[in-house]
Amino acid sequence: MKHYSFILFYLFCNVFIYAFQGSFWVYVACFFAFSAVVVWGSFAIELGYFVNSITHKRTKIKEVALTFDDGPTEFTPKFLDLLNEHQVKATFFCIGKQIEKYPETFQRIIAEGHTIGNHTLSHSNSTGFLSTSKMIKEIENCDQVMKSVGNIQTGLYRPPFGVTNPSIAKAIHQTHKTSIGWNVRSLDTIIDDENKIYKRITKDLRKGSIILLHDTSEKTYRVLVDLLVFLNDKKYSTFTVDSITNSRKK
């Protein structure tokens, strides 16, 4: 775990307390400051505070990864049509219950050569508060659905909302998953303006970027139309996330 910056911050707090002779309000201020940093570490997956996550690919060539969360949905076939038109392979982090709802679409994702990742069974809003045992069930039950519907297994896992904590870290370890994050977050589920989403993606793009998108709306589909044109114009190729994990195993 990459705790170095947080350890330094903790040491700074101790020095600060000592310098001010440990008054009550100094202790309170340091407690809240340190708590805020821990919360920040829980929501910022790129920091690797509780669990190391792959957030980009180290590469010298112009290539990026397109990743889609929360599917399959009614919109996913349009995404697949567009990706097929541009001969682009992507990584889909699928929710178990969505797979059960759209089994044929899930099978099509696999058949067309895209990479599959586990995104829990239910993607509950309370994910960050679940115990280790419940998180393990969320991951393993999603695995079972993937095996049943698509006859496929995956070692890739993306934490819902990018939230990590000690329980989630233990669940990832015990299910032998590799946590996958991102370094370009589109915020396509929050921002309504398609142009803002597009600019947010393209302005932060660099070699090896992993882009977070969602195959859950017409809005993101239209952004993807423009993004694929941009990637082609700028001579970017694409890679799937499993290419990173596979190269590490060699």
Side-chain angles (χ1 to χ4, degrees), residues 5 36 39-49 53-95 98 109 112 114-115 117 119 123 125 127 156 158-164 179-244:
S5 59
V39 171
W40 175 38
S42 298
F43 284 90
I45 195 170
E46 66 275 10
L47 295 178
Y49 184 52
S53 298
I54 294 174
T55 58
H56 64 282
K57 180 179 182 180
R58 292 184 178 181
T59 179
K60 295 181 180 180
I61 65 175
K62 295 180 72 173
E63 57 178 343
V64 298
L66 297 173
T67 67
F68 298 94
D69 285 11
D70 297 358
T73 71
E74 61 186 293
F75 302 101
T76 306
K78 290 188 66 174
F79 283 77
L80 293 173
D81 289 343
L82 184 61
L83 292 171
N84 183 56
E85 179 184 337
H86 287 264
Q87 297 184 322
V88 168
K89 302 301 180 187
T91 305
F92 288 81
F93 290 93
C94 299
I95 299 172
Q98 289 298 118
I109 295 172
E112 295 187 2
H114 300 288
T115 296
H119 203 39
H123 199 293
N125 288 333
T127 295
L156 306 179
R158 174 168 280 168
F161 314 109
V163 173
T164 58
S179 179
I180 307 297
W182 55 80
N183 63 353
V184 177
R185 189 172 194 173
S186 66
L187 294 181
D188 58 337
T189 59
I190 299 173
I191 300 173
D192 290 327
D193 189 319
E194 295 169 19
N195 190 47
K196 287 183 179 180
I197 298 171
Y198 172 80
K199 287 182 178 179
R200 181 180 175 84
I201 298 169
T202 54
K203 74 180 178 65
D204 292 330
L205 211 60
R206 55 185 181 272
K207 296 174 182 177
S209 285
I210 295 179
I211 306 168
L212 170 61
L213 296 158
H214 297 78
D215 52 322
T216 57
S217 69
E218 286 279 355
K219 173 183 63 180
T220 301
Y221 170 80
R222 290 190 290 268
V223 171
L224 182 61
V225 170
D226 293 335
L227 178 58
L228 289 174
V229 172
F230 170 87
L231 294 177
N232 184 62
D233 289 344
K234 298 298 181 180
K235 309 302 180 184
Y236 274 98
S237 60
T238 57
F239 65 90
T240 53
V241 175
D242 59 322
S243 66
I244 304 175

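For this chain, numbers begin at 1 and follow the sequence in order.
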Locate the shortest heavy-atom distance separating [X] from [Y]; write the atom from each residue and the value.
X	Y	answer
S53	G181	CB-N, 4.1 Å
V88	H114	O-CE1, 3.3 Å
S179	I45	OG-CD1, 4.2 Å
S243	T240	OG-O, 2.6 Å

Partner residues of [X] under the side chain to side chain donor-acceptor pair (under 3.5 Å) criterion, sequence neighbours left out:
X	value
D81	R108
T127	none
T202	none
D70	H119, H123

Please examine the side chains of [Y] and [X], heavy atoms only from C-beta on, and report whether any two atoms are closer than 4.5 Å.
X	Y	value
L205	L231	yes
I197	K219	yes
L224	L228	yes
I244	I180	no
F68	L83	yes
T115	L156	yes

Before you tell me yes or no, could you show the steps for H56 and R58 under side-chain contact (heavy atoms from CB on, under 4.5 Å), namely the whole-Å CA-CA distance, both residues' side-chain angles and the distance that decides it to 0.1 Å? CA-CA 7 Å; H56 64 282; R58 292 184 178 181; 4.3 Å; yes
Test of understanding: with salt bridge (Lys or Arg N to Asp or Glu O under 4.0 Å), list the residues that count as partners of D69, not counting sequence neighbours. R158
By salt bridge (Lys or Arg N to Asp or Glu O under 4.0 Å), which residues pair with K78, not counting sequence neighbours?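 K78 satisfies salt bridge (Lys or Arg N to Asp or Glu O under 4.0 Å) with E218 once adjacent residues are dropped.
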Atom [atom1] in [X], atom [atom2] in [Y]: separation rounded to 0.5 Å?
X	Y	atom1	atom2	value
Q98	F92	CD	CZ	13.5 Å
R185	I211	CZ	CD1	14.5 Å
T216	E74	OG1	CD	10.0 Å
L82	L227	CG	CG	9.5 Å

For residues 59-66, which side-chain donor-acceptor pairs fall under 3.5 Å, sequence neighbours excluded?
from	atom 1	to	atom 2	distance (Å)
T59	OG1	I61	N	3.2
T59	OG1	E63	OE2	2.8
K62	NZ	K234	O	2.6
E63	OE2	K57	NZ	3.3

Hey, could you give me each pair passing ring pair (Phe, Tyr, Trp, His ring centres under 6.0 Å) that has a residue in residues 191-239? Not counting sequence neighbours.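 Every pair satisfying ring pair (Phe, Tyr, Trp, His ring centres under 6.0 Å) with a residue in residues 191-239: F79-Y221.
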Run T67 and V241 through side-chain contact (heavy atoms from CB on, under 4.5 Å) and show every step you take. CA-CA 8 Å; T67 67; V241 175; 3.8 Å; yes
Side chain to side chain contact (heavy atoms under 4.5 Å, CB included) involving N125 - partner list, sequence neighbours excluded: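 With neighbours one apart ignored, the set is F161.
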Sequence neighbours left out, what passes side chain to side chain contact (heavy atoms under 4.5 Å, CB included) with V229? Give chain and number order.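 For V229, the residues satisfying side chain to side chain contact (heavy atoms under 4.5 Å, CB included) (neighbours in sequence not counted) are D233.
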Decide side-chain contact (heavy atoms from CB on, under 4.5 Å) for T91 and I210; before the verdict, give the C-alpha distance in whole Å, the side-chain angles of both, and the deciding distance to 0.1 Å. CA-CA 10 Å; T91 305; I210 295 179; over 6 Å; no
Looking at F75, is its backbone amide N or carbonyl O close enough to the side chain of T73 to form a donor-acceptor pair, meaning the two atoms are under 3.5 Å apart?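 Flag set: sc T73 to bb F75 pair under 3.5 Å.
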Considering only residues two or more places apart or on different chains, which pairs with a residue in residues 199-215 satisfy salt bridge (charged side-chain N to carboxylate O under 4.0 Å, His left out)?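 Not a single pair qualifies under salt bridge (charged side-chain N to carboxylate O under 4.0 Å, His left out).
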